[in-house]
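A short write-up of the structure that comes next.
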There are 2 protein chains.
Amino acid sequence: MSLDLRVDRSSPVPLYFQLSQQLEAAIEHGALTPGSLLGNEIELAARLGLSRPTVRQAIQSLVDKGLLVRRRGVGTQVVHSQVKRPLELSSLYDDLEAAGQRPATKVLVNTVVPASAEVAAALGVEEGSDVHRVERLRLAHGEPMAYLCNYLPPGLIDLDTEQLETTGLYRLMRAAGITLHSARQSIGARAASAAEAERLGEDEGEGAPLLTMQRTTFDDTGRAVEFGTHTYRPSRYSFEFQLLVRS
Amino acid sequence: MSLDLRVDRSSPVPLYFQLSQQLEAAIEHGALTPGSLLGNEIELAARLGLSRPTVRQAIQSLVDKGLLVRRRGVGTQVVHSQVKRPLELSSLYDDLEAAGQRPATKVLVNTVVPASAEVAAALGVEEGSDVHRVERLRLAHGEPMAYLCNYLPPGLIDLDTEQLETTGLYRLMRAAGITLHSARQSIGARAASAAEAERLGEDEGEGAPLLTMQRTTFDDTGRAVEFGTHTYRPSRYSFEFQLLVRS
DNA sequence: AAGTGGTCTAGACCACGGT
DNA sequence: CCGTGGTCTAGACCACTTA
């Protein structure tokens, strides 16, 4: 059926990006079915009036996303997949909002404290120097879901309690011009203390299983911009993500 | 210091790959320090006798890995980082081996069973059709660390109990010519049943917190090749990984 | 204004997979 | 053998950052 592809050369959007978006959309809503061939690059380039490298760049970006597979001597195929989106550095707030869970946040603490050894090591600052400390309780449908304790280096961002209650920390950082780049995460589990169980509303009380996550986030210059220790109610939350095999 | 870079045109290894490997090695052992500029692409291309697109391809691959950052009008910098390796589809066996933990495996069950509704949905086979079922206990230093229950579609791979005890499932699949492509994971926590606690040697017994993981793995044609339900002793294991922000 | 990366072209030859 | 993707070249112009 030949797929209606076209590029707009007067647009400021790069040509390869226009093409990759259209291909992705075609895959998304089923115009390109799993397993179907994409047709060779030279023909595709000729049809669109583009050079082969430009077409390759578009296709490669979708291969990197895991939507397409290329095989020498065969061609480029749509992956056969239940595959949807790759793992990304996600915000719990955004995750909940996307799931239609109506997230709410209660800021418990928003202050400046001297950095403990652990926090200093994670953020790359002097032990005992001032860092921001924010403790929040995240609720969904009025039920506690997670307890979030975060540390931030000073002077990076203005931590307004009201803003923290209406949006996520990541969104605030991005709005402050910080380009998030990578994060190191550790996910584990342990038994709750009596105080933790109480805080999260776990009826089981002390000893109830908790899902824990520690994360240090870096901006594009490699500086640590946030260190967080989070605990989740496992009955309410789990981490779901998609991995791609690195080639 | 100018960094001793060179390419071997008689090698079958692609030029861009030779270059990216040398740059990565230079970053790894500190010849290129965090924050340092890489010098402009044109000059680098001229110095190596390569074309600019080839040099760009080398640099881009390191940008994708999170080792370099590019800025228009500024240049290409080494990321400032504690950043090491990106998240990959990992094998518990390989992880443990890399950590010097001397993994051992005890195969508890290796049989063929009719697929339950959950397994059938995950593997994309008919409910009640035959699937392989493997239950293993993974030990490190002689201590139980995880209980692994996996299902595989029939006819994919020869599941030899002896091989399963000496290596990981992923390595067996790769050796059988299966190209792993992506996986969908869910990580959570819950309380152990009495039997589970016993199996993992948790003294706390029933109610002890467990770290749980469910994973469906797909090959490069998008077919599900493995579905697993794993439980880990949280005192012995946690998931550690690095995320990159998708651009 | 100068220098950087971002995009794009129009070719070329090679390696691999299937016939 | 032919067709595919994989790699590579030698240019070009543009957009952005910094001084």
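Computed from a predicted model, the values in this text were never measured in an experiment. Every heavy atom of this structure was used, including side-chain atoms; hydrogens, water molecules and symmetry mates were not. By convention in this document, chain letters (A, B, ...) are assigned in the order of the sequence lines, proteins followed by strands, and residues within each chain are numbered from 1.
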Starting at [atom1] of [X] and ending at [atom2] of [N], how long is that distance when rounded to a whole Å?
X: A:Asp64; N: D:dG6; atom1: CG; atom2: P; answer: 11 Å
X: B:Leu48; N: D:dT9; atom1: CG; atom2: P; answer: 10 Å
X: B:Gln60; N: D:dT7; atom1: CD; atom2: C1'; answer: 17 Å
X: A:Leu15; N: D:dC14; atom1: CG; atom2: C1'; answer: 13 Å
X: A:Leu68; N: D:dG5; atom1: CG; atom2: C1'; answer: 13 Å
X: A:Leu38; N: D:dT4; atom1: CG; atom2: P; answer: 12 Å
X: B:Leu37; N: D:dT17; atom1: CG; atom2: C1'; answer: 13 Å
X: B:Gln57; N: C:dG5; atom1: CD; atom2: C1'; answer: 16 Å

State whether [X] places a side-chain N or O below 4.0 Å from either non-bridging phosphate oxygen (OP1 or OP2) of [N].
X: A:Thr76; N: D:dG5; answer: yes
X: B:Asn40; N: C:dG3; answer: no
X: B:Tyr16; N: D:dC8; answer: no

- Item | Residue A:Thr54, side-chain atoms from C-beta onward, closest of C:dT9, D:dC8, C:dT7 |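 The listed nucleotide nearest to A:Thr54's side chain is C:dT9.
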- Item | Closest nucleotide among C:dA15, C:dT7, D:dC16 to the A:Arg72 side chain |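 Of all the options, the side chain of A:Arg72 is nearest to C:dA15.
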- Message: Heavy atoms only, 4.0 Å cut-off, all strands: where does B:Ile42 land among base, sugar-phosphate and nothing?
- Response: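 Answer is nothing: B:Ile42 stays at 4.0 Å or more from every strand.
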- Give one of base, sugar-phosphate or nothing for A:Pro12, where a contact means two heavy atoms less than 4.0 Å apart.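 No contact.
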- Is a donor-acceptor contact shorter than 3.5 angstrom present between the side chain of B:Arg52 and the base of C:dG6?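 Present.
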- Classify the side chain of B:Arg71 versus the base of C:dG6 as yes if they form a donor-acceptor pair under 3.5 Å and no if they do not.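 Answer no: no donor N or O sits under 3.5 Å from an acceptor.
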- Verify the neighbour count for atom CD of B:Glu126: are there more than 12 heavy atoms of other residues, nucleotides or ligands below 6.0 Å?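 Not more than 12 within 6.0 Å, no.
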- Message: Is it the case that atom CD in B:Glu43 sees more than 12 heavy atoms from other parts of the structure closer than 6.0 Å?
- Response: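 Yes, enclosed.
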- Criterion side chain to side chain contact (heavy atoms under 4.5 Å, CB included) against A:Gln214, the qualifying member of A:Glu118, A:Gln185, A:His230, A:Arg184: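 Looking at A:Glu118, A:Gln185, A:His230, A:Arg184, the match for A:Gln214 under the side chain to side chain contact (heavy atoms under 4.5 Å, CB included) is A:Glu118.
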- Message: On DNA chain C, does the nearest nucleotide to A:Pro53 precede the nearest nucleotide to B:Arg56 from the 5' side, or the other way round? Give the residue.
- Response: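 First, find each residue's nearest nucleotide; the 5'-ward one identifies B:Arg56.
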- On DNA chain D, nearest-nucleotide positions of B:Val55 versus A:Arg70: which is more 5'?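 Its nucleotide being nearer the 5' end, the pick is A:Arg70.
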- Query: Any idea which heavy atoms bring A:Ala58 and A:Tyr16 closest together, and the distance?
  - Reply: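 Result for this residue pair: CB-O, 3.2 Å.
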- Item | Lys/Arg N to Asp/Glu carboxylate O, A:Glu165 vs A:Arg136, below 4.0 Å |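 Looking at A:Arg136 together with A:Glu165, the answer is no, because their closest N to O distance does not fall below 4.0 Å.
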